[in-house]
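A, B, ... follow the sequence lines: proteins, then strands. Residue 1 opens every chain. Keep in mind the model is a prediction, meaning the values are calculated, not measured.
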Protein chains: 2
Amino acid sequence: MSNAVSEAGTTSVQSVDRALHILEILGARGECGVTEIAAELGIHKSTASRLMSALLTRNLVEQLSDRGRFRLGRGIVRLAGSVTSNLEGVSGSRAVTRALASETGETVNIAVLDGDSVLYVDQVAGSNLRSLRSWLGQRVPVHCTASGKALTAWLDNDARKAARPTKLERLTEFTITNVDELERELGQIRERGWAVANEEMEEGFMAVGAPIRDAYGEVVAALTVSGPSGRLTKLPLDELAHKVIASANELSGDTDIWRE
Amino acid sequence: MSNAVSEAGTTSVQSVDRALHILEILGARGECGVTEIAAELGIHKSTASRLMSALLTRNLVEQLSDRGRFRLGRGIVRLAGSVTSNLEGVSGSRAVTRALASETGETVNIAVLDGDSVLYVDQVAGSNLRSLRSWLGQRVPVHCTASGKALTAWLDNDARKAARPTKLERLTEFTITNVDELERELGQIRERGWAVANEEMEEGFMAVGAPIRDAYGEVVAALTVSGPSGRLTKLPLDELAHKVIASANELSGDTDIWRE
DNA sequence: AACGGCGTTGCTCATGGCGCAACGCTATGC
DNA sequence: GCATAGCGTTGCGCCATGAGCAACGCCGTT
């Protein structure tokens with residue numbers, strides 16, 4: 001490879017990186033034309049068209065009409081389905097999450113840090129359910145969710161700051177929007193071992209979360225139980241929290257539930 | 001580009017295609033080493049390593065340990081989340097599926113054809129639920145699911161044959177395993193406009209499905225309502241089916257719910 | 001009709017992708 | 001302990017493929 005690439009300090013393949021960047025742009029915008037993609041990447045539109053063609057061939061994108069705009073395609077959903085299938089089979093975490101959902105009657109999620117957001121990577125619903133939409137693949141703020149707090153509480157100061165949005169956006173009247181207040185709560189979470197968010201992200205909605213650790217004790221994911229706050233607040237919170245911790249500990253250690 | 005590519009009749013970018021092929025292999029196998037990937041693609045392992053590095057940089061894959069094996073990463077889940085978010089926002093199909101789930105109390109799915117399988121691309125749960133795991137991204141056979149039947153019934157003979165597995169695998173005692181019998185049922189589906197699968201894929205599980213069409217009348221997706229067969233068989237099936245058809249029709253036409 | 005903007009495709013060239021070879025690391029066997 | 005095998009990574013230089021230019025055909029607007 002040329003010196004230009006060596007100096008960039010990367011061993012990535014440029015054309016592949018560009019194609020993957022296209023996927024991200026489509027994810028963010030919903031749909032795009034080739035010319036718009038080319039402008040965004042600073043490349044010629046014929047190049048953008050050819051990269052798009054490669055993505056199209058493998059169904060990672062689809063075209064809305066002949067010679068029309070593009071959006072993400074079913075191949076993405078299929079690949080994501082493979083990820084969750086592996087949680088079922090290979091890593092065996094589904095047995096744990098399903099048991100917890102069954103035991104609590106509420107929805108169980110596994111989430112990971114994704115930049116300065118929480119990303120939901122698995123979900124099992126319990127029986128006490130009014131309505132559920134899939135949270136799989138959704139990103140939510142770290143500062144107002146039990147998962148976000150459980151994921152960030154044990155980070156060192158620098159990492160915790162990086163994982164936090166620059167502005168703690170207020171989503172409900174209960175949202176913590178002050179950094180000092182959030183830091184105090186994270187300190188409490190470190191002491192007691194579990195996190196709670198009660199109507200901080202969405203009114204009427206509450207969650208309890210605990211960290212899932214890898215073999216070295218690093219927090220790599222969060223396990224949460226969530227449901228309508230009217231229901232969760234009727235439970236002894238401590239008792240629920242310890243159920244979540246027990247399941248999170250079962251997922252922790254050697255099991256490759258999720259690694260960063 | 002060289003004549004060799006022109007003769008291949010493709011405008012794809014080779015390196016991008018290889019990288020995307022790696023994603024598919026990881027989806028199928030769960031996890032792989034670089035050497036294994038290189039052998040599968042017929043390339044040098046240094047090339048495989050570099051392609052993998054590009055995928056790693058964008059979090060589409062992750063590495064299980066330093067210098068260890070690879071598997072699909074959270075970036076895939078995030079992108080899939082973008083797909084389903086667009087169903088909520090841009091295409092507006094979620095209002096329809098949510099209303100149907102609310103009205104029937106059962107689980108509502110949208111599915112598309114993916115080769116010779118059905119791929120679930122969206123899901124909303126109703127209230128009558130014992131336990132639910134996410135079907136998002138999962139692939140199921142066409143011959144023993146209401147969605148599969150609704151997706152294939154209106155295909156022409158050749159397309160219908162291509163969309164069918166070569167062997168109709170028996171999953172329960174009720175599974176249709178004879179092509180002629182399946183063809184007769186597909187004929188009935190074409191006449192009455194909806195499909196049903198009662199314990200054909202999974203014991204105790206039933207679904208009713210109807211086609212979602214594009215602006216030209218082509219079937220592009222299927223809408224299904226599913227739940228425990230003990231519950232669904234207590235409903236007037238005709239009535240349920242017409243609810244599904246009504247919702248499917250609402251999703252049909254100009255709305256770009258899903259296009260092939 | 002003309003015009004502008006779109007996505008696609010032919011062509012050529014130079015640069016970035018590719019393969020060779022070497023490296024460092026880990027696990028295994030003696 | 002040492003030797004071996006296999007792994008993923010990295011430096012290097014070559015050439016094939018990715019990139020950009022220009023033209024094309026299509027569609028929508030005026």
Side-chain angles (χ1 to χ4, degrees), chain A residues 1-22 25-26 29 31-58 60-71 73 215-216 254 259, chain B residues 1-22 25-26 29 31-58 61-71 73 215-216 254 256 259:
Chain A
M1 289 198 285
S2 73
N3 282 348
V5 174
S6 300
E7 288 169 359
T10 180
T11 55
S12 276
V13 181
Q14 181 177 243
S15 53
V16 174
D17 193 66
R18 282 176 172 166
L20 302 182
H21 194 168
I22 289 173
I25 292 167
L26 290 179
R29 297 190 185 190
E31 60 181 66
C32 271
V34 161
T35 313
E36 194 176 339
I37 292 283
E40 186 81 33
L41 266 61
I43 58 177
H44 194 268
K45 67 176 179 174
S46 68
T47 300
S49 182
R50 291 212 173 81
L51 294 174
M52 195 68 84
S53 177
L55 294 168
L56 199 57
T57 299
R58 299 267 176 186
L60 296 199
V61 305
E62 65 186 22
Q63 200 163 12
L64 297 189
S65 61
D66 281 356
R67 307 179 71 92
R69 294 159 73 75
F70 297 83
R71 67 185 182 182
Y216 310 100
D254 290 338
R259 292 192 54 87
Chain B
M1 292 195 283
S2 73
N3 283 348
V5 173
S6 301
E7 285 169 2
T10 179
T11 55
S12 275
V13 181
Q14 182 178 244
S15 53
V16 173
D17 193 65
R18 282 175 170 165
L20 303 181
H21 194 168
I22 289 173
I25 292 167
L26 289 178
R29 298 190 183 188
E31 62 182 62
C32 270
V34 160
T35 312
E36 197 175 338
I37 293 282
E40 187 81 35
L41 266 63
I43 59 177
H44 194 268
K45 65 175 180 173
S46 69
T47 301
S49 183
R50 292 213 174 81
L51 294 173
M52 194 67 83
S53 178
L55 295 167
L56 199 58
T57 300
R58 299 270 176 184
V61 305
E62 68 186 21
Q63 199 164 13
L64 298 189
S65 61
D66 281 355
R67 311 179 69 92
R69 297 160 71 77
F70 295 86
R71 68 183 182 184
Y216 309 100
D254 288 339
D256 283 333
R259 289 191 59 87

Any protein N or O atoms within reach of nucleotides 24-30 of chain D? Criterion: under 3.5 Å, listing atom names and distances.
residue	atom	partner	partner atom	Å
D:dG25	N2	A:Arg67	NH2	2.9

* CG of B:Leu41 to OG1 of B:Thr47: how many Å apart, nearest 0.5 Å? -> 10.0 Å
* To do: Calculate, to the nearest 0.5 Å, the distance between atoms CG and CG belonging to B:Leu55 and B:Leu26 respectively.
  => 8.0 Å
Send over the distance from [X] [atom1] to [N] [atom2], rounded to a whole Å.
X: A:His44; N: C:dG16; atom1: NE2; atom2: C1'; result: 19 Å
X: B:Met52; N: C:dG17; atom1: CE; atom2: C1'; result: 17 Å
X: A:Arg18; N: D:dG18; atom1: CZ; atom2: P; result: 12 Å
X: A:Asp66; N: C:dT9; atom1: CG; atom2: P; result: 11 Å
X: B:Leu64; N: D:dC7; atom1: CG; atom2: P; result: 16 Å
X: B:Ile22; N: D:dG8; atom1: CD1; atom2: P; result: 12 Å
X: A:Leu51; N: D:dA19; atom1: CG; atom2: C1'; result: 9 Å
X: A:Arg69; N: C:dG7; atom1: CZ; atom2: C1'; result: 12 Å

Would you list the atom pairs, donor with acceptor, under 3.5 Å between side chains in residues 13-21 of chain B and any protein atom, with sequence neighbours excluded?
residue	atom	partner	partner atom	Å
B:Ser15	OG	A:Ser15	OG	2.7
B:Asp17	OD1	A:Arg58	NE	3.0
B:Asp17	OD2	A:Arg58	NH2	3.1

side-chain N/O [X] vs [N] OP1/OP2, d < 4.0 Å:
X: B:Ser49; N: D:dT9; result: yes
X: B:Ser15; N: D:dG18; result: yes
X: B:Gln63; N: D:dT9; result: yes

* **Main-chain N/O of B:Ser49 paired with B:Ser53 side-chain donor or acceptor, under 3.5 Å** =>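 Checking the backbone N and O of B:Ser49 against the side chain of B:Ser53, no donor-acceptor pair under 3.5 Å is found.
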* Asked: How is B:Thr35 classified with respect to the nucleic acid when contacts are heavy atoms under 4.0 Å: base, sugar-phosphate, or nothing?
  -> sugar-phosphate
* Is a donor-acceptor contact shorter than 3.5 angstrom present between the side chain of A:Ser46 and the base of D:dG20? ->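 Answer is yes: a donor-acceptor pair is held.
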* Hey, is the side chain of B:Arg50 pairing donor to acceptor with the base of C:dG19 inside 3.5 Å? ->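 Looking at the base of C:dG19, it does pair with a donor or acceptor on the side chain of B:Arg50 (distance under 3.5 Å).
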* Considering non-hydrogen atoms only, spot the tightest contact between B:Thr35 and B:Lys45 and give its length. =>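 Scanning both residues, the minimum pair turns out to be OG1-CD, 4.2 Å.
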* Measure across A:Met52 and A:Ile22 and return the closest heavy-atom pair with its distance rounded to 0.1 Å. => CE-CG2, 3.7 Å
* Structure fact -> Applying side-chain hydrogen bond (donor to acceptor under 3.5 Å, both in side chains) to A:Ser46 and not counting sequence neighbours gives A:His44
* To do: Under the side-chain hydrogen bond (donor to acceptor under 3.5 Å, both in side chains) rule, collect the residues that match up with A:Arg69, sequence neighbours excluded.
  => A:Glu31
Closest nucleotide among [options] to the [X] side chain:
X: B:Ile43; options: C:dC18, C:dT8, C:dG19; answer: C:dG19
X: A:Phe70; options: C:dT8, D:dT9, D:dG18; answer: C:dT8
X: B:Gln14; options: D:dT17, D:dG8, C:dC20; answer: D:dT17

* Asked: With nearest nucleotides of DNA chain C determined for A:Gly68 and B:Gly42 from heavy-atom distances, which residue corresponds to the more 5′ nucleotide?
  ->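 The residue whose closest nucleotide sits nearer the 5' end is A:Gly68.
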